[in-house]
Amino acid sequence: MAASPQSPPKVATAQPGATFDRLRRHLSRGVALAAESMGNGAVEAFAAGASITLSDRRTALDFGSYSVALLGHRHPGVVEAVHRQLATMPTSTRALANPVTAEAAATLVDYFGGALPKVHFGLNGSDAVEAAVKLARLATGRDRVLAVRGGYHGTSLGALALTHHPGLRAGLRGCVSQTVHLDPFEPAAVMDEIARGPVAALVFEPVQGENGAFPLPTDVLHRWALDARAHGAFVIADEIQSGLRRCGERSVALAEGLPVDAVLTGGPLGGGVMPLSAVVCTEVLYRPLGADPLLHTSTFGGHPLSCAALPAALDAIEGLADHGRSLADGLANGLRGLHDLHPRMLSGFRGRGLLWSIGFTAPHMAGEVIVRLADAGLLVSPCLSDPRSVRLLPPLTTTHAELDQALGILDSALTDVARRGTF
Ligand SMILES: Cc1ncc(COP(=O)(O)O)c(C=O)c1O
């Protein structure tokens, strides 16, 4: 990582040793070990835009953060909106109407074009997944849900039923509800399952983030969605990672003209500052909640402090949409160049917009490269369902100079690994 001449004053007082000790003793030894190795003994201290400053004053570009930092860190418009709400009423009584929550819902419905007029707010992505599946099951009176091989939808018990990763489901078979995971290359998969019994919902990510940024074949998704709809099953697009222009569009599913009953959104919905997620859906899917609003509640659902971030976040995202497209072109070209330069090491690269992965020919290399990149000043994410790949999630606020810097770090790290002959 590079030395940062202008680190904020607080950075000097951070005590990394105490942090790792507390993490080990009170949280997870595994997390402590991984974070110690990623930061080379330093901890995170300060962030602005795509840049992170560590406790030892080195800086790194954040192309990871599991897609949450779509606007980079501490986007000024979002921070200001949250400060304003903090100074007025951050928490709702839940007995009185809160205008900030209502405005956030209306803004979100407009953002997705108005055809999905109902909103249910949560904090995490899995909150949205759980709520949508519960609504689909209640609205249809059916139990079975269809998801997709390689898909990731969270790890809470309801969401885990949809997540494909066998390691995450091990030991919990009896707790997770009935889900069938479809082969994404089988256009007749939905019809085959419907022939086996009634289906409540089809849930898919248009671009599977944790599965190495894999865009599902659009023609298959069209056929699946039409088949599901024709047989009374709801079609739910989980865009917690791919939406909000991460992959170029507000919603990939809506932009592709897929007939969906719900779009699930989260991650950067709170501007990378506040936790916020939402189910944005049709009246019909929402009907069970319309009939009984207490059917699915959570204390912080629609939290005004989180909701205050939403209009500012969507505003900022739209303001950066054109820049995002030109960054996406630069990133795709850069990865093509890297693939040409390191053909023995890289098996390929894939993705869409600002969500890409690079795959390695040797299975152990992704982890090694992630640590090496962090040391050289570039933070990236692993892929939970595709351990051979490394995921790149640059913020929309990234400058072209920062993108070039990141591609240069990648090239050097790959060259270095090749020179050491670990391949
Ligand atoms: C597509 C998708 N759905 C659901 C989730 C779960 O979100 P969370 O971890 O916020 O519960 C994630 C998390 O990365 C995701 O990528």
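Please read these numbers as outputs of a predicted model, since none were measured by experiment. Order of listing sets the numbers, starting from 1, for every ligand and every atom in it.
- In this model, a donor atom of one side chain and an acceptor atom of the other lie less than 3.5 Å apart for H342 and D411.
- Distance check on atom 8 (P) of ligand 1: some protein heavy atom falls below the 4.0 Å cut-off.
- Atoms of ligand 1 found under 4.0 Å from any heavy atom of S126 (numbered from 1 in listed order, with element): 6 (C), 7 (O), 8 (P), 11 (O).
- Donor-acceptor pairing under 3.5 Å is recorded for the side chains of R246 and S67.
- A salt bridge does not link R250 to E239: none of the charged nitrogens lies less than 4.0 Å from a carboxylate oxygen.
- What sits closest to atom 3 (N) of ligand 1 on the protein, heavy atoms only, is D238 OD2, 2.7 Å.
- Any N or O atom pair closer than 3.5 Å counts here, and H153 shares no such pair with ligand 1.
- With ligand atoms numbered from 1 in the order given, ligand 1 contributes 10 (O), 11 (O) to contacts under 4.0 Å with heavy atoms of N124.
- Close approach of ligand 1 to E205 is summarised as follows: ligand atoms under 4.0 Å from at least one heavy atom of the residue are 1 (C).
- Salt bridge status for D192 with R196: absent, with no side-chain N to carboxylate O gap under 4.0 Å.
- Among all non-hydrogen protein atoms, the one lying nearest atom 16 (O) of ligand 1 is Q241 NE2, 2.8 Å.
- The protein heavy atom nearest to atom 13 (C) of ligand 1 is Y152 CE2, 3.5 Å.
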| request: Show the numbers, then the answer: is there a salt bridge (charged side-chain N to carboxylate O under 4.0 Å, His left out) between R372 and D375? | output: CA-CA 5 Å; R372 205 170 286 262; D375 199 42; over 6 Å; no
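- Residue G125 has at least one N or O atom closer than 3.5 Å to an N or O atom of ligand 1.
- S156 and E130 are linked by a side-chain donor-acceptor pair at a separation below 3.5 angstrom, with hydrogens and angles left out of the test.
- The residue Y66 has no part lying near ligand 1, judged by heavy-atom distances below 4.0 Å.
- With H153 as the partner, the side chain to side chain donor-acceptor pair (under 3.5 Å) test is satisfied by one option alone out of D238, T163, T179: D238.
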